[in-house]
Peer 1: 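Structure incoming, see below.
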Amino acid sequence: MRKSQLTIYNSLSRRKELFTSLHPERVGMYVCGPTVYGDGHLGHARPAITFDVLYRYLQHIGYKVRYVRNITDVGHLENDADSGEDKIAKKARLEQLEPMEVVQHYLNRYHKAMERLNVMPPSIEPHASGHVIEQIAYVQSILDAGYAYVSDGSVYFDVKKFNSEHPYGKLSGRNVDELLSNTRELDGQSEKRHPADFALWKKAAPEHIMHWPSPWSEGFPGWHLECSVMGEKYLGEVFDIHGGGMDLMFPHHECEIAQSVAHNGHDSVRYWMHNNMITIDGKKMGKSYGNFITLDQFFEGTHPLLTQPYAPMTIRFFILMAQYRSTLDFGNDALQAAEKAHKRMLEGYGRLQSLKASAESTIPNLEELEAKMYEAMDDDLNTPVVIGHLFDLCRIVNQVNDGTAKATAEDIEKMQGLFRAFLFDILGVLPPDAAGADMNIKPYEDAVDLLLQIRAESKAKKDWATSDLIRNRLAEIGFTIKDTKDGVEWSL
Ligand code: ZN
């Protein structure tokens, strides 16, 4: 195991901290997953790729990681800004589907998009709808602790009471005394004691089709609750890393902290990590701006704002060309530049495979370059610097290729190792020969070569039956075999 000096920016302390795991070998990591209300979009791609790189890097430096990414699939009326009706319920009603059919449909599409972006599946992907019993028990414990109240079948978290004993707003830096005094007093019709209070359990309206029985009403859990509950269930009362997009800091993650403090008497999360937001041509992405582009539209180039389709690996490469805490603006020019850069990098890797080794070495020290790459990863996942060093490597490859520098066989092997470790394993960019997700086709190529070698030997022995059998069967599978004066060439 490589001794790592990984530092990560903790949104709670607002500084970079050396990462140490709660358990010596195993890291517990929770990331807020998608609400499966519709097709995956760029806002889903950035956190998925950011925390995929963290997941990969932690494993690379020797940790076992339990990575939990939840699926939000229960109704959340008060977080739905577009309409009063839950989106899953609305779609199910309009199309006469079971709500779970809608959830499954979008979840399948989300998984497919993630696979195309080469995002590794998490260790556990719990559904909020599959943890209603645990959520009810959690609400009851907050009620028992005195930080919540029942109001007309719904249960609300008492922010004012909580804040009088524990600081509420410490993650997002909101001054809650101000928030509490500035917000307009509620009219007598509200169920809440105070506008800052949030729902732990919500009584379902009669037309609401996703609901479960509870001690308080037939209803559904509040959105913030599922992450506190499922995080604790799968990672324990205290775990290492909680991640998500910056837009989730308030109120979502702030509410999660309040819930777990109310439930356990202490914080659950040691490092809070947030990726910054994306914009499109300088504007926030949103349906009302007309720039809401789904991942499939990016892959197929079917949105009017796009001048061409962009391959999933172009998008991944582009996202990693920025550090996760900086903003990232999508536009055709920037994406095309990323497409070219990605291609150049794969060309460099391709050229490396056929470099001729020399007895002497005149290239820069590769150990030093490797150390710099680890240093960049350890510096709060500074992926653009890692990519910069990979381009340094490409320049070395080009110099050796055109004869202006010399590399030994050992150098070449080392360079191949650096590409494999940083570009493919850690950054998760697919190698050029990857046919599917992260498939290595080299062994299959070797197997075809072996068959052709057997065919050549059969021909030499005039065993025409065997040589024809191999040729014909390979042709049936789809291989083109060409006999040349130097031997045999094949393609698929
Ligand atoms: Zn969450």
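These numbers were taken from a predicted model, which means no experiment stands behind them. Only this structure's heavy atoms are used, side chains among them; waters, hydrogens and symmetry mates stay out. Read the numbers this way: they start at 1 and go in the same order the structure lists the ligands and their atoms.
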Peer 1: Does either side chain, that of Glu339 or that of Gln308, offer a donor lying less than 3.5 Å from an acceptor on the other one?
Peer 2: yes
Peer 1: Is there a salt bridge (Lys or Arg N to Asp or Glu O under 4.0 Å) between Arg69 and Glu125? Walk through the geometry before answering.
Peer 2: CA-CA 5 Å; Arg69 191 183 64 204; Glu125 204 175 34; 3.1 Å; yes
Peer 1: Output all residues satisfying side-chain hydrogen bond (donor to acceptor under 3.5 Å, both in side chains) with His342, sequence neighbours left out; order by chain, then residue number.
Peer 2: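 Applying side-chain hydrogen bond (donor to acceptor under 3.5 Å, both in side chains) to His342 gives none.
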Peer 1: Could you tell me whether the side chains of Ser214 and Gln135 share a donor-acceptor contact shorter than 3.5 Å?
Peer 2: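 Distance-only check fails for Ser214 and Gln135.
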Peer 1: State which residues pass salt bridge (Lys or Arg N to Asp or Glu O under 4.0 Å) with Glu134; sequence neighbours excluded, sorted by chain then number.
Peer 2: Lys233
Peer 1: Show every salt bridge (Lys or Arg N to Asp or Glu O under 4.0 Å) that has at least one partner inside residues 244-272, sequence neighbours left out.
Peer 2: Lys170-Asp267, Asp240-Arg270
Peer 1: Which residues and atoms, protein N, O or S only, are under 2.8 Å from the Zn ion (ligand 1)?
Peer 2: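 For the Zn ion (ligand 1), the protein N, O and S atoms that sit under 2.8 Å away are Cys32 SG, Cys227 SG, His252 NE2.
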